[in-house]
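Worksheet: the structure to be examined is printed underneath.
Excluded from the calculations below are hydrogen atoms, water molecules and symmetry mates; all remaining heavy atoms, backbone and side chain alike, are included.
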Amino acid sequence: MHLSGRCVCPSDPQFVEEKGIRTEDLVIGALESAFQECDEVIGRELEASGQVGGCTALVAVSLQGKLYVANAGDSRAILVRRDEVRVLSSEFTPETERQRIQQLAFVYPELLAGEFTRLEFPRRLKGDDLGQKVLFRDHHMSGWSYKRVEKADLKYPLIHGQGRQARLLGTLAVSRGLGDHQLRVLDTNIQLKPFLLSVPQVTVLDVDQLELQEEDVVVMATDGLWDVLSNEQVAWLVRSFLPGNREDPHRYCSCWEPAWAWVEK
């Protein structure tokens with residue numbers, strides 16, 4: 001199905017009706033595919049140049065009265081209005097995606113090379129804990145339960161730490177992103193890429209129904225901003241700056257000068 005509603009394949013009409021496929025589903029699929037294709041291109045280019053590296057990605061697309069926000073990583077987008085702050089993306093960290101990561105390790109235990117345990121415990125276990133009852137949770141659990149500590153439980157945890165200190169395989173602070181195809185756990189041959197998903201989460205905002213004003217803006221930033229300022233603080237900065245600088249053609253960019261000054265203090 002074309003965005004205009006025109007069918008591309010003869011079999012589309014019946015299939016689209018049965019599955020309830022909407023135009024926005026095509027845009028979401030296109031964004032998801034674009035992230036994956038971009039990740040593959042990055043992988044080939046890094047391999048050809050002998051370089052390593054990766055990044056997170058946050059994209060906003062305005063199309064046919066809707067705003068599509070695609071996020072893979074720990075960046076964030078928010079919509080700031082006069083009387084509302086709406087979060088348009090979710091951060092992907094080892095903690096927020098614990099069950100997906102543990103599920104992958106459950107299905108493919110060879111990815112851990114016998115060096116890590118997929119189970120999560122409230123703290124790092126020690127030899128003295130052998131045979132003791134401790135709290136734990138696995139890929140199929142949202143709550144906690146008890147088990148007796150076995151020798152295999154003493155291995156380094158797949159996800160370790162809390163909050164900003166949480167790390168995937170003791171290395172990465174994010175669970176989605178682009179690149180890092182050659183990244184390995186220190187002093188091992190264990191690759192992180194199988195756990196690092198390049199597929200974004202896509203949020204759809206119906207702009208036509210919001211009756212947006214000129215000073216309603218979308219703020220997109222990496223964790224460098226969100227680690228030091230809350231959504232409400234960023235919204236306050238935007239609301240404080242924009243109304244008094246209506247004649248400034250660069251006001252949507254220059255409004256961040258006081259923000260960084262605040263951060264530096």
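- Listed by chain and residue number, nothing satisfies the salt bridge (Lys or Arg N to Asp or Glu O under 4.0 Å) test with Lys155 (two or more places apart in sequence, or in another chain).
- For Ser62, the side-chain contact (heavy atoms from CB on, under 4.5 Å) partners at least two apart in sequence or on another chain are Leu67.
- Contacts of Arg118 classified as salt bridge (Lys or Arg N to Asp or Glu O under 4.0 Å), with partners at least two apart in sequence or in another chain: Asp138.
- Under the side-chain contact (heavy atoms from CB on, under 4.5 Å) criterion, Glu32 pairs with Ile28, Val199, Pro200, Val202, sequence neighbours left out.
- The ring-ring contact (aromatic ring centres under 6.0 Å, His included) test applied to Tyr108 returns no partner, not counting sequence neighbours.
- Screening residues 142-151 for side-chain hydrogen bond (donor to acceptor under 3.5 Å, both in side chains) gives Lys147-Asp153 as the qualifying pairs, with residues at least two apart or on separate chains.
- Under a cut-off of 6.0 angstrom, the local environment of CG in Asp128 is sparse, with at most 12 non-hydrogen atoms contributed by other residues, nucleotides or ligands.
- For the salt bridge (Lys or Arg N to Asp or Glu O under 4.0 Å) test, residues two or more places apart in sequence or in another chain that qualify with Arg81 are Glu84, Asp216.
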Side chains of residues 46-58: which donor-acceptor partners sit under 3.5 Å, not counting sequence neighbours?
from, atom 1, to, atom 2, distance (Å)
Ser49, OG, Glu45, O, 2.9
Ser49, OG, Leu46, O, 3.3
Thr56, OG1, Ser75, OG, 3.4

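- Under the 4.5 angstrom side-chain criterion for Ile, Leu, Val, Met, Phe, Trp and Tyr, Leu186 has no cluster partners at all.
- Judged as a salt bridge (Lys or Arg N to Asp or Glu O under 4.0 Å), and not counting sequence neighbours, Glu95 has no contacts.
- Pairs engaging residues 229-239 under the salt bridge (charged side-chain N to carboxylate O under 4.0 Å, His left out) rule: none recorded [sequence neighbours left out].
- With salt bridges taken as basic N to acidic carboxylate O contacts below 4.0 Å, one links Arg22 and Asp25.
- Residues in residues 160-184 take part in these ring-ring contact (aromatic ring centres under 6.0 Å, His included) pairs, two or more places apart or across chains: Tyr156-His160.
- With no hydrogens or angles considered, no side-chain donor-acceptor pair links His139 and Gln102 at under 3.5 Å.
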